[in-house]
Each structure stands twice: as structure tokens, then as C-alpha cells.
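Scroll down for the structure; my scribbles are underneath it.
Below, chain A is the first sequence line, B the second, and so on; all start at residue 1.
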Amino acid sequence: MRFRMQSYNPQAIEEKRQEIWEQERVFRASEDGSREKYYLLEMFPYPSGKIHMGHVRNYSIGDVIARYKRMRGYNVLHPMGWDAFGMPAENAAIDRGIQPATWTYENIDYMRKQLKRLGFSYDWEREIATCDVDYYRWEQWIFLKMLEKGLVYRKNSPVNYCQKCQTVLANEQVEGGACWRCGETVIQKELTQWFFAITQYADELFEYCDKLPGWPERVLNMQRNWIGKSYGVEVNFPMEDGKPLTIFTTRPDTLFGVTFMVLAPEHPLATTLPKGTPHEQEVLAFVEKTKTQDKSFRAEMAVSKEGVFTGKYAINPLTHTKVPIYIGNFVLMEYGTGAIMSVPAHDQRDFEFAKEYNIPIIVTIMPEKTVLDPATMTEAYEGDGKMVNSGPFNGRQNREAIPSIIDYLEENKLGKRRINFRLRDWGISRQRYWGTPIPIIYCESCGTVPVPYDDLPVVLPVDLAVTMVGKSPLAECADFYQIECPLCKAPAKRETDTMDTFVESSWYFLKYACPDYNEGPLDSAKVNYWMPVDQYIGGVEHAVLHLLYSRFFNRVLNEFGLVSVREPFENLLTQGMVIKNGAKMSKSKGNVVDPEYMIKKYGADTARLFCLFASPPEKDLDWNDKGVEGCSRFLQRVWRLIAERINDMRDVEAIFEPLTSDSDAVQLTYLMHKTIKKVTEDIDRFHLNTAIARIMELVNGLYKFLEKDREGEDTKKLTRGAFETLVSLLFPFVPHIAEELWEMLGKDSRMIGKEWPRYNPQYVEEDTVLVVVQVNGKLRDRCEVDRDIDQEQLREIVLTLDNVKRHIEGKTVMKTIVVPNKLVNVVVK
RNA sequence: GCCUGGGUGGCGGAAUAGGUAGACGCAAGGGACUUAAAAUCCCUCGGGGCUCUGCUCUGUACGGGUUCGAUUCCCGUCCCAGGCACCA
């Protein structure tokens, strides 16, 4: 049978392959005890309308790993779904008068098509959309369970509020005082809100950062930073009425230098202490003024320290001296006890405050090289040194003295060891429509009543007229909120807030294991088969949002007995952004490249290849249209390499070792086996760009080899072996063209995804090696010698080289350093 | 200010363990094929110098150090990106 050579037509072959994959359901995963499982997960997208280049990159990286692991014999779970609740759906509804549900599901349909057109190997039968009732009903179940266990509570407190989005934001969702989504300045608002008690897990979440070796250090650092664990002590300063004023400090070594105390304006004592003193009015006015300022404004104001004296004093428990109590704008009620001891000599903030209000300064830590004098100091000394003015602790190194100071405080019941965290509980109430309804009912007589488990789900009405003004849409929908109390049957009102959409993404990775299970939230047997996620891939922007919440949620569900592992994600890869012309691709910058256009022009394989080749996964990817063309050229070159010769090769048997001693054939064999080794190692450490570079070298080598007209069956067989190897190596990166070429070679297309080529160790190290010769560390010559040659012999050979002789002439050889099979350095004087 | 990363050709990026700096690709220049163009193929390609198939000096942000040898390790400085920022 003779074939006419066809040119590379990506659209045709890609659609053909995709159809076969779909029909044969080749990416379906099921539990299989006979093989090692591998759960590969990429962060699921928000169905905003269209796939963007960031998605293409993220999912291309994931697909290489998924396909590669399958070829290595793993039972791979590679699912995809939709983070489908969220604000843009509501905005679209307002702008275009479409229901959020309609808009969302239409987007999902469109984007699913796009992902399929890119040829990613997902098990689409496990697809989930978080806005499906069958998904969020179990989220409501989890909420109720958490409520039972005391992990959910409701409280009135100042919260972050975005006026543009008209909703509350969690601390993690405020970036530099602005809304993470729209950039609007966040204000403080007093509201009653539901909270998840993530702080109960603060210590564990912090400590386990050391037990996640598969995570990038910078992500762990961001999490540690965010949780903010600090060791210190709570100290009681008795006041004149005998009651204690409790403060938290990490620097008990400066206790002897306390000259005043400061309370947060929100501190309960702030308004009661000054009663009856001449300072009362002034304090009340100050507290009022400061409290009404919102957080970011106050932070800005407090650059200059402001405060008022309460007229009252506290007693330093160590020195028994009387120190004045102030109210200050720079003290935060949310951290520690909302009150601090102030040591102006050794804390810059306290120093500034003391200077402002003429409060004395006492030095208690003396640096080694200088002498501190309170009268002349211009800033606080925050470093270490010898303790002075510190009674029994005088002369000791301050850091070393801390434990004994704390011991002393504890023994005398003056204070207590204490660890404080910066992390706050996660506020999850959102005054929005398109989210999971919080399953709670408010009854005049029974109070806050959880929706009974049997009454779940609380279904989000989808036929609602959405308006932007006023309260949350659900709060205006009587059909939704009017309900009878499950306990007393009296008319009652549903909670009309919905949950933060980060709740959905905190457990979706578990649901993929059992998407159709509906007897409970999760089928533990299946979940435990697949969990933990072996490799998670996504953007670094979720370092302290989604990734922290998920770790928290997984622990909670672990305690409910639904999953057996404590940490959900074993290994994490954070890929960089896609950049063009020096800026992140975005509509507002006008530098967007549409994946759809790329597919039309070059095909999915080229689009994928460029995303993988242009830079290593963790780095930002600089988009370059010319680079894309280069990738397209490469695929055409591969296509021609095989298609042009297929008539001669079709029925030839493949061999992977030369039967002749023809040096070119031997060289090709070495190249082939070395390439397998390099590509394997590179994929294993996610150096996908260099893996592709190696494959390009193999292609270049093959062209060079075939340049000469070669006769003989052996040559053909070896060439065929190299072709098969090449196509297999290409498969995880560019599956369509690889599978098509595989079939062109007359092989079963189902098999390419199951076999990863092996290399013969004998052919990765040549018998001779190139040894570099240096004289005094400078490269002077090189020579080809037998591998593992005797060192003495090598020394002799080296000294006969012309250029070496020239450089050592008239000098004495002091020593010769030999790095076997690599380098000789002759040291002369 | 603090904590992380990171600074390598015209560009994207290579260089597992301290051992040939610049793999692979893009761009650029030159050539072959062609009536021509596209496509394809070949050659050159960090900078300087020379007696130019070769040799030599220099070069991985900057300044020192360790070493036979440093892009790689150590100390100091500068710059860029990300995170945190009155957290007591």
C-alpha cells in the first residue's frame, strides 16, 4: 500500500482524535487496587465566558503530567469542573437581563467545548458545577455539621465591606485595603455575620507548613506570614482598684522599662476608666472619633501616634512603679488583649508616643558598642544586648533571660505563657444572590434555628428578577425567606445571606472522587482511595485564600470521618502568569491573545507546545507570536520527518540498538537513549521546557542522520525505532499529532498512551568522553579519551597536547587535578 | 521597614553535586533552491583583539572572599518582582 504524503493539518487531525477519545471514553478513571493511583488536579476555573491563556497554560502543564503518569502505568484521576457561584453572574444578569443561572450554564457549555477542543485528558464524567443543587446541598450539610461542632458561629462585629460589590469580604479578600475582585476601597461596617472558626486550627495550619515538603517555599512562607504565630506572655498589671489590666507582649525582657500603658479605643475599659476624672470628656471624644474611622484610614492616621490620658494608673508588677494608662489610636483591639505595655526605649511606636506626650524613657537593654542615654536618643533601640535597670536580671543577655523572666511571672501568678496568632476567623456571609444559601432560620420565639438535615437542600430560587439596588436579592424575595419555624411552626424568616464562594472551592477536590454520590456529602471509600491530591497545579494568587481555606476544610471533614488524610494537597506547583508586552494579559491592558484564535490559526498542539516551551512552569510566561510560529514549524518538521518516509517504513520492524557498527547509527542510538533519559528526568522535575528542547535535539539529530542516503534494512529498522521513540516522547505534550503519527506508523493508537519509552543504560554513556583541559583554571584544550581512563595515563596524554605544552613552558607543574571523565586542571607556577 | 524569590546574549531561556557559560527556540545577517515570492535547507551569531581553519583577553547586576577552578558557596552593596506591614 502506498500513501500520498499529506501535509500537517492540525484542525483535521485534532478533531478526529478528540472524537475518538470521546467515543472510547479513554480518560475515564475508576478505582483499581492493582495499580498505584495518581490524583492530578488543576484549579478549576470560574465560568466567566471564555477560556484565557492562563487557563491554557495551567491545563497544558497538568495534561502533560496526567498523560505522562498514565504512560508510566499509574491509575490517574484527572477531573475538571466549575467554580460556578460568584458575582460576575449577577453583574451579567443586571447588564443583559439574563438569569445568573442561564448565563453560568451557557458559559460552562461554551468553555467545556473549548477545553475539549484543546484536547485535555479529563474524565468528563466526573464534571461538577458548584452551583448545582446536588453540590451545594452537601455544603449546607457541612455547614450544619460544623455548627453542631461549634465551628460556625454568628457575631456582630466590624467587617470589611465593599460598596461596589455590596457585600462583606473576609480578611484574606482585602488586598492592601482594596477589594480583591474590583479594587474598590474597603470600608468597615458593623454587621452580624456568620464565621468559620479557622483560628481553632491556626496552630496546626502553621506547624504543618513544615510538613509539606512538596509545596513551594514561598507559598508556605506566605501562609506562615498570614497565620502569624508569635510566642509571648500575658502580664497582669494591677490597677488602683486592684483589678488587673492584662496585656500581651513578646518582649518580657523589656518589662522593667515600661513607662506607660495604652488601650485600644475599642477596649471595654477605655470608656469606664476615666469616669469621674477630669479627663473623661476628652477620652470619650477621642474614642468616638477614632472608632468611627475605618481601618485603612485609621492606619494612615496612626502614622502619627495620637492618644489621651485616662487619668488612671497601673502598677508594674516587677518594679511596683505607677505608670499612666492612655488610649491610643495605634493599638488594635483584635490582636492580643487590646492593651499593651509601652517601652519607649525599645519600641519605635512607643518611643514616638512618649516623645509626643513627654513620657519618661527607661533604658533596659544596652547594646554592646554604644551607650544609650534616654535624654539623647532619637529612636528606639530594638536590638539585643545586656539587661540594665532590671533588678535581678541585670547583666544578662536579654534573649537568654526571656524564659526565666516568664518563669518568674508564672511562678508569682503575674502572667502566663501565651501564643498569639494574626489569623482571624473566616467571615463567610455574603449579601449576594448567586451563592449557596446559608441553611438557617430565624424565629422570634426559638431564635436562630438550623434547617433540619431532612429539609435540605435550601434551594436557591433561579427564576428571580435580579436587581442591584438595596439589599441582597434574596432579602427581597418573600417566597424564599418566608418559612415556618421547624420547631414551633410559627412564621419565621430564612437567612438571606449566601456563603462566600471560597467555601465551594474548599472541598470540590473531594467531591471529584464521588461526583454522583448523593447519600451523604462524600463516599469515603472512594475519597480515601484517591486522596490526597498527588499533584495540585494552579496560580500563586491563591496562596493564602483558597489554599489555606482548603487545608482548614479538609481538617474539618477529616474530623467528620469523611476523609482520612489531614492535608489535602501533597505536592503543589504554582505556575506563573502569562505576560505580554511587559504586563499581565488582561482586557483592560488590551494585550489579550485569544486561545480560540490560536487554535484556528495553528491548532491546539501548537498552542499547548508554546505554553510549555517558552518558560518553565513556575516562571511568568512572556507571550511571543513569533515563538508560537517556531513551535508550529517544529511540529511541521516532525510531521514531514515521518510522513515523507512512511512508504519505506510502514512495514519495517523497529529496533532500538544498532546491528551494525556504523558510527552514525551508533551515534543515533546514543542520542535516542540519552533523549529518553533526559526527557524522563525533566518531566519528573517539571522542567517541561527543557524536556521539549531535548526532543527538538532528537529531531535535529534524526534529520542529520537521514541527510545521507543510507542503504540497508538495519538502518531502516533503527530509524523506525527512533521514530517510535520520538512520537512516544512527544505524546504527553502534543497528543493529537503524536497519536496520528503513531497510527501512520501502523500502530494501535490506544497503546501510545500506555507505554513510556525505556532507555538502555548501556547507550547513555559513550565509551569515549571529551575531557576538558585547563591550565591554572583556564580552558586551554580538550581531548577525547576512553571512559574511566587511568588517571596517570590521562595526565600524560594531557601534557602532550600542543596548547597545554605552550602554556606550561618554562613553568613548574605544582599539581594536576583530575575530575574523572570531565576535566583536568594543570596547576603551574 | 520585615520576609521570600530573582538579576545570564538583541529576546524567551539552558547549565541535577563547584568543573567547557549561553543547550533549545526566537530575532538578525549571509548563502542555496526559485523567473520571483512563500516554504524549505545550509552557514554566522555575547563583547574586544590578533599573525583569523586558529589563538587570546574579557564577560553571568556590582564590590570583596573561599577554591586548582565560582553563574553555582560565603560577606557586603545596588536594582526588580511578590507577600506582610502599627500584630505589641
Item checked: R806(A) or T249(A), whichever maps to the more 5' nucleotide of RNA chain B -> R806(A)
Item checked: Upstream residue (5' side of RNA chain B) when K822(A) and G228(A) are each assigned their closest nucleotide ->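 The 5'-side residue here is K822(A).
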Measuring only the [atom1] atom in each nucleotide, how far is [N] from [M]? A whole number of Å is fine.
N	M	atom1	result
rU20(B)	rU71(B)	P	10 Å
rA36(B)	rA28(B)	C1'	23 Å
rG54(B)	rA39(B)	P	33 Å
rC84(B)	rC62(B)	P	32 Å
rC78(B)	rG63(B)	C1'	10 Å
rC68(B)	rC79(B)	C1'	34 Å
rG22(B)	rU16(B)	P	13 Å
rG7(B)	rC74(B)	P	14 Å

May I ask you to decide whether [X] forms a salt bridge with [Y], counting only side-chain N to carboxylate O separations under 4.0 Å?
X	Y	answer
E306(A)	K289(A)	yes
D664(A)	K708(A)	yes
R224(A)	D210(A)	yes
E765(A)	K677(A)	no
K355(A)	E379(A)	no
E234(A)	R418(A)	yes
R399(A)	D253(A)	no

I want to check one thing: is the phosphate of [N], taken as OP1 and OP2, less than 4.0 Å away from some side-chain N or O of [X]?
X	N	value
K778(A)	rU20(B)	no
N803(A)	rU56(B)	yes
R780(A)	rC55(B)	no
K815(A)	rC68(B)	yes
H807(A)	rC55(B)	no

At 4.0 Å (heavy atoms only), tell me whether [X] reaches a base, stays on the sugar-phosphate, or touches nothing.
X	value
D620(A)	sugar-phosphate
T816(A)	nothing
P616(A)	sugar-phosphate

What about [X], does its side chain sit under 3.5 Å from the base of [N] through a donor-acceptor pair?
X	N	value
R424(A)	rC87(B)	yes
R685(A)	rU16(B)	yes
N825(A)	rC68(B)	yes

Item checked: Anti or syn - rG30(B), cut at 90° from 0 -> anti
Check: Taking syn as any angle within 90 degrees of 0 and anti as the rest, which one fits rC52(B)?
Finding: syn
Return all side-chain donor-acceptor pairs below 3.5 angstrom for residues 575-583 of chain A, not counting sequence neighbours, or 'none' if the list is empty.
none

Next item on the list: Give the ring-plane orientation class for Y357(A) versus Y326(A), where under 30° counts as parallel, over 60° as perpendicular and anything between as tilted.
Entry: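 Aromatic pair Y357(A)/Y326(A) classed tilted.
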Notebook entry, point to check: What's the verdict on salt bridge (Lys or Arg N to Asp or Glu O under 4.0 Å) for E352(A) and K305(A), showing C-alpha distance, side-chain angles and the deciding distance?
Noted result: CA-CA 7 Å; E352(A) 287 166 27; K305(A) 312 284 173 278; 3.5 Å; yes
Next item on the list: Would you mind telling me which of rA88(B), rG82(B), rG19(B) lies closest to the side-chain atoms of I817(A)?
Entry: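 Looking only at heavy atoms from C-beta outward on I817(A), the closest nucleotide is rG19(B).
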Check: From the list rA88(B), rG13(B), rC3(B), which nucleotide is the closest neighbour of the side chain of K619(A)?
Finding: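 Selected nucleotide (nearest to the side chain): rG13(B).
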Margin query: Expected output check: what is the dot-bracket annotation of RNA chain B, where ( ) and [ ] are pairs inside the strand (brackets for crossing ones), | is paired with another strand, and pairs are Watson-Crick or G-U under 3.5 Å?
Written below: (((((((..(((......[....))).(((((.......))))).(((((...)))))..(((((..]....))))))))))))....
Note to self: Working to the nearest 0.5 angstrom, can you tell me the gap between I227(A) CD1 and C209(A) SG?
What the structure shows: 5.0 Å
Enumerate the protein-to-nucleotides 21-26 of chain B contacts in which both atoms are nitrogen or oxygen and the separation is below 3.5 Å.
unit_1  : atom_1 : unit_2  : atom_2 : d
rA23(B) : O2'    : E697(A) : OE2    : 2.9
rG25(B) : OP1    : N700(A) : ND2    : 3.3
rC26(B) : OP1    : R633(A) : NE     : 3.4
rC26(B) : OP1    : R633(A) : NH2    : 2.7

